[in-house]
Structures are given as C-alpha cells and as structure tokens.
There are 2 protein chains.
Amino acid sequence: MKNEKRNNANLSTEISEQIKESIINKDLDVGSRLPSELELAEQFNVGRSTIREALKRLAAQSLIRTQRGASGGAFINHIKFEDAHEQQVTTSILLLSMNNVKFETACEARFALERACAKFVAQRRTNTDILAIEKEILTQGQSKLTDEEFCASDIRLHRILVDCAKNPILSYQLAGAVEAMQPLMNMITYTVRSREKIILFHQSIIRSIKNRDAEGINFGLSNLEDYTKTLGQNILASYK
Amino acid sequence: MKNEKRNNANLSTEISEQIKESIINKDLDVGSRLPSELELAEQFNVGRSTIREALKRLAAQSLIRTQRGASGGAFINHIKFEDAHEQQVTTSILLLSMNNVKFETACEARFALERACAKFVAQRRTNTDILAIEKEILTQGQSKLTDEEFCASDIRLHRILVDCAKNPILSYQLAGAVEAMQPLMNMITYTVRSREKIILFHQSIIRSIKNRDAEGINFGLSNLEDYTKTLGQNILASYK
DNA sequence: ATGTTTTTAAATGTCTGACAAATGAAAAAT
DNA sequence: ATTTTTCATTTGTCAGACATTTAAAAACAT
C-alpha cells in the first residue's frame with residue numbers, strides 16, 4: 001500500500017481505490033485490520049479526515065467494517081451473499097426506474113432467469129421448500145390481502161423457487177431481477193379474477209416442482225410470464 | 001428530509017440512509033441538487049465533516065456525484081447500467097473468492113444464465129453481433145496468445161453473446177456472473193488441445209446463432225459447460 | 001490466589017475553524 | 001461588444017480538540 005500515483009481525482013477517492021485494489025488482490029487478508037486512521041494519514045501523507053472519507057467509501061460497499069474502542073479499527077470484511085443482496089436489489093430498482101426500462105423488458109428478463117433455475121429446482125427441491133411455497137400460495141388466497149401484500153407474497157414465492165436451485169450464485173443474481181420488479185408489480189391492481197388466475201399458475205408450477213418436472217416448471221413460468229405481461233399492459237411505455 | 005430518528009448507529013450512516021431513502025422514494029429527482037454541505041449540516045444539526053462522510057458513502061454507490069465551484073454541489077446521479085456494471089463485477093468476484101464457492105457451482109450458474117438468453121439471442125442477433133463474435137473466435141485461434149489473453153477473449157465472446165439478447169437487464173445481471181468467473185478461469189492452463197476444443201464449441205454455437213436455432217445454442221453451451229468443468233477439475237475444492 | 005472494580009490508553013466519532021482550489025457569474029476594463 | 005478581472009460560492013483538505021467506546025492493565029477487595 002504505497003502512496004504513488006495521485007494524479008487526477010481527489011485524494012480520498014484515490015486512496016479508497018488503492019485500498020480496494022489491495023483487498024481484491026488479496027494483499028490484505030479477510031479479517032485483518034487496517035492501520036489506524038492516524039497511521040494511514042501518515043502513510044499516505046494526508047489529513048485524518050481524508051482517510052476517514054476514503055474509509056467511509058469502502059464501508060458503503062461493505063468492503064470494511066469499523067469498530068470503536070481500544071483494539072478497534074477498520075477490518076477487511078468477509079462479504080456474505082446476504083450483505084451483497086440488499087445493495088444488489090437497491091441498485092437494480094434504481095436502474096429500472098432511472099433508465100425507463102419497459103415493464104415488458106424487465107418481465108422478460110425476470111422470467112427468463114427464473115426458467116434458468118428450473119432444471120436445478122426439479123432436481124434439488126426439498127419437501128421443506130415445497131411446504132414453504134404452498135404456504136405462500138395459501139396466503140395469496142386470502143381475500144383480505146391488499147395489493148401490496150399479495151405482491152409481496154408473490155415475490156417471496158419466487159424467491160423460494162429460485163432458492164430451490166441450491167446455487168447461491170443463482171440466488172444472488174436473481175434476487176436483483178426478481179425483487180427489483182416489486183415496485184413495478186406494485187403498480188398492478190390485482191382484481192379477484194386476476195388473483196385467482198395467478199394462483200392457478202402457481203399451483204400448476206408447484207405440481208411440476210413436486211413431480212420434479214423441469215419442463216412443466218418452464219411451461220408454468222412461461223404462462224405466468226404471458227399473463228403478467230397482459231396485467232402490466234396498463235403500465236404503458238415505461239415506469240415513471 | 002427531516003432529522004428524525006437518530007437512534008442506534010452513528011450519525012453519518014443514519015444521514016446517508018435517510019438521503020438514500022429519499023432518492024429511492026423519488027422525493028429527490030434525478031439531476032437535482034442537494035443543499036450545500038453547510039446547509040445540510042444545519043438541517044441535520046451536525047458538523048460538516050459528518051455530512052461529508054455521509055455524502056461519500058452515497059458517492060461510493062454512485063447515488064450522487066459532487067462538483068466543486070460556484071454552482072457546484074451534490075447532485076442525484078442518473079445511474080446507468082455501465083456505472084452499476086463495474087461494482088456488480090467487483091462484488092461478484094469478492095463473493096466468489098470469499099465464500100469458497102466451488103468452481104463447479106459458479107460454472108453451473110454462469111452457463112444456466114447464459115442459456116436463459118438463448119431464445120432471445122436466436123430471435124434478435126444482428127449481423128454485426130455475428131461479426132463481433134467471429135472476430136473473437138479468430139483471435140482465440142492465434143497460438144501466440146497467453147492464457148490470460150485467451151481467457152479474456154473468451155469472456156468477451158460470452159459478453160457479446162449475452163448482449164445479443166438485447167435486454168439490458170439480462171446483460172447487466174449476467175455480466176456479474178460471467179465476468180466474475182474470470183479470476184477462476186484464469187487459473188486454468190489452456191493447452192493447445194483444449195483451446196482447439198473450446199474453439200470448436202464456439203464455432204458450433206455461432207453456427208446456431210446464425211441459423212437462429214435456440215436449441216442449438218443451448219446444446220453448444222451445455223457442451224461447453226461440461227468441458228469447462230472438466231478443465232476446472234484441477235482447481236480442486238474451492239477458489240482460494 | 002482469585003475475582004471485582006477502577007483506571008488507563010487507544011481508537012473511532014464528531015465538531016469547529018481555517019485555508020486551498022475550482023468554477024460560474026458578475027463587474028470592470030479594453 | 002469583447003475580454004479580463006474580481007468575487008462569491010462550494011467542495012476538498014488539513015489541524016486540533018473533545019466525546020465515546022472498548023479492551024486491557026492496574027488496583028483493590030475477598
């Protein structure tokens with residue numbers, strides 16, 4: 001960690017980039033402690049506040065965590081899937097809303113990715129998974145649910161479905177696509193009629209999951225995709 | 001943007017979360033300017049350095065950008081797919097390396113996601129796309145390439161393939177999965193024999209793309225997946 | 001000797017005030 | 001009318017101070 005090239009940008013960015021590189025290149029081990037802010041300030045020949053701003057940048061990406069007190073400091077974080085999940089979803093939501101992505105486009109991506117799991121879901125689903133999905137389907141049948149609650153349960157169901165593939169990478173990647181759709185899906189009005197149809201699709205899908213029938217899962221998902229797109233037609237060109 | 005609930009955590013985190021919420025909820029429009037650091041400090045009743053640390057956190061997630069000078073300040077960023085891409089890849093790389101994800105698991109996810117694009121690639125590929133892929137295949141035939149260069153071209157080829165689907169969400173999501181694999185793939189030694197086989201697979205895939213044959217693309221990708229997994233066998237249990 | 005309390009030192013968190021540097025706009029000079 | 005200069009605003013950086021947290025060391029009591 002030298003204090004070379006401080007060319008163009010501001011110091012705190014430069015420094016945070018350098019430390020980030022060191023973490024990616026494994027020059028710094030997970031769990032190890034960075035020098036104290038005062039030491040870093042001396043090493044990089046900058047003020048303490050500059051170091052602090054650099055560290056805050058890294059903390060925002062959960063690359064480090066800080067602890068106060070005697071043997072405190074900044075520690076290289078072990079990034080877990082859950083940590084990354086939230087940020088992934090937030091970013092995806094903003095990407096959808098800021099880039100005028102059509103409902104149809106987002107829908108297409110979401111279901112295409114879900115279908116990518118079908119093969120593994122059929123192979124690896126456990127009975128616990130099935131119970132969890134069936135519970136959501138039951139929830140969705142309750143007529144007292146608000147549109148938001150119905151939608152939330154729908155998203156949960158699809159999350160469970162994806163997790164059935166038992167591949168953490170798939171789960172992580174798809175979380176962005178599936179959960180980022182929630183704001184869009186929340187704009188749909190779920191009539192009694194449409195809820196019934198969606199639940200029928202879900203029941204068809206869970207049957208295929210039970211039977212370990214990948215083709216059937218795909219078919220059910222495709223049908224659901226088509227129906228979701230028609231429901232989304234009223235959300236015209238783009239999501240504002 | 002009030003200064004309510006400053007419960008548990010430290011102030012700068014609290015404040016950055018509040019502003020982040022305002023951005024997600026569209027209380028603050030894209031492109032609009034936040035109050036100056038001094039004004040924010042007054043509003044939140046904290047020091048300027050606290051505000052600055054909060055803003056640095058947001059900047060690290062490219063939620064805002066800052067400009068110096070007279071009519072400068074912090075502006076709500078329009079997050080584009082390219083902006084999010086780099087962070088997505090970095091995070092994915094760290095997730096893979098820090099969570100002892102098996103090569104096989106990462107490989108499975110990567111190819112499953114790529115296959116999810118096949119249908120759209122077959123429908124939407126342009127002649128320009130095909131030329132770009134063929135160029136990479138030619139590159140890969142040059143024997144003078146180092147393993148790293150061969151691998152880089154391989155990754156580029158698959159990026160182009162994914163982009164053929166003309167769905168920015170898919171491209172963005174898959175970039176993480178595909179490019180994050182690069183450090184793992186770089187550990188593979190590409191013998192003359194294995195390069196030849198990979199190129200054969202690529203040629204089979206590009207043929208199917210030309211013929212708009214989704215099934216064929218899937219088949220080619222699956223074959224390539226199997227072969228990649230055998231190549232990766234020497235990378236034993238996990239990526240260290 | 002052992003357990004408890006107090007003290008201490010180290011580290012981050014926060015505030016204040018100062019100055020540097022960039023930048024756009026207004027004012028002045030040409 | 002055009003160019004130059006000045007000026008005000010705002011972020012970037014630094015330095016010093018104090019608050020707060022925390023673990024370990026020291027002091028104390030049992």
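The sequence lines fix the lettering, A, B, ..., with proteins before strands; numbering per chain opens at 1. None of the values given here were measured: they were computed from a predicted structure. Any value given below was found using the heavy atoms of this structure, including those in side chains, with hydrogens, waters and symmetry copies removed.
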(request) Take the protein atom CZ of R52(B) and the nucleotide atom C1' of dC15(C), then report the distance between them rounded to whole Å. (result) 15 Å

(message) Going by ring pair (Phe, Tyr, Trp, His ring centres under 6.0 Å), name the pairs with one or both residues in residues 152-172 of chain A, residues two or more places apart or in two chains.
(response) H158(A)-H202(A)

(message) Just to verify, what does E136(B) make a salt bridge (charged side-chain N to carboxylate O under 4.0 Å, His left out) with, not counting sequence neighbours?
(response) R156(B)

(request) Starting at atom CD of E39(B), determine the distance to atom P of dT11(D), rounded to an integer number of angstrom. (result) 9 Å

(request) Go through the structure and list residues passing side-chain contact (heavy atoms from CB on, under 4.5 Å) with Q123(A), not counting sequence neighbours. (result) K119(A), F120(A)

(request) Using whole Å, report how far CG of L34(B) lies from P of dT10(D). (result) 13 Å

(request) Could you tell me the separation between the CG atom of L40(B) and the P atom of dG12(D), rounded to a whole number of Å? (result) 13 Å

(message) If the cut-off is 4.0 Å, is K56(B) near the phosphate of dG12(D), judged by side-chain N/O to OP1 or OP2?
(response) yes

(request) With a 4.0 Å heavy-atom cut-off, tell me which residues in residues 58-67 of chain B come close to DNA chain D, sorted by residue number. (result) T66(B), Q67(B)

(message) Measure CD/E42(A) against C1'/dC14(D) and give the value in whole Å, please.
(response) 14 Å

(message) I'd like to check I15(A) versus I51(A) (side-chain heavy atoms, cut-off strictly below 4.5 Å). Are they in contact?
(response) yes

(request) Please figure out whether I51(A) or L38(B) has its closest DNA chain D nucleotide nearer the 5' end. (result) L38(B)

(message) In this structure, how many angstroms lie between the C1' atom of dT11(D) and the CZ atom of F75(B), rounded?
(response) 11 Å

Check nucleotides 5-7 of chain D for protein N or O atoms closer than 3.5 Å to its own N or O atoms and list the pairs.
none

(request) Using side-chain hydrogen bond (donor to acceptor under 3.5 Å, both in side chains) as the criterion, list what pairs up with S12(B), not counting sequence neighbours. (result) R57(B)

(message) Suppose we screen for salt bridge (charged side-chain N to carboxylate O under 4.0 Å, His left out). Which residues come up paired with E86(B), at least two apart in sequence or across chains?
(response) none

(request) Return the value, rounded to whole Å, for the distance between atom CG of N45(A) and atom P of dC14(D). (result) 8 Å

(request) Could you pull out all residues at least two apart from K229(B) that satisfy side-chain hydrogen bond (donor to acceptor under 3.5 Å, both in side chains)? (result) E225(B)

(request) Name the nucleic acid region contacted by T50(A), choosing base, sugar-phosphate or nothing; use a 4.0 angstrom heavy-atom cut-off, strictly under. (result) sugar-phosphate

(request) Sort and list the pairs that fulfil salt bridge (Lys or Arg N to Asp or Glu O under 4.0 Å) and have at least one residue in residues 173-187 of chain A, not counting sequence neighbours. (result) R159(A)-E179(A)

(message) Using the side-chain hydrogen bond (donor to acceptor under 3.5 Å, both in side chains) criterion, which residues pair with R65(A)? Sequence neighbours excluded.
(response) N77(A)

(message) Distance check needed: dT10(D) P versus N10(A) CG, whole Å only.
(response) 19 Å

(message) Just by distance, no angles: are the side chains of E148(A) and Q182(A) close enough, under 3.5 Å, to form a donor-acceptor pair?
(response) no

(request) Would you give the length of the straight line joining atom OG1 of T228(A) to atom CG of D154(A), rounded to the nearest 0.5 angstrom? (result) 7.5 Å

(message) Once salt bridge (Lys or Arg N to Asp or Glu O under 4.0 Å) is applied, what residue pairs with a partner in residues 165-177 of chain B remain, sequence neighbours excluded?
(response) D129(B)-K166(B)

(request) Tell me which nucleotide among dT14(C), dT11(D), dC14(D) gets nearest to the side chain of L11(B). (result) dT14(C)

(request) Going 5' to 3' through nucleotides 17-23 of chain C, assign each nucleotide B (protein heavy atom under 4.0 Å from a base atom), S (under 4.0 Å only from sugar-phosphate atoms) or - (no protein heavy atom that close). (result) -B--BBB

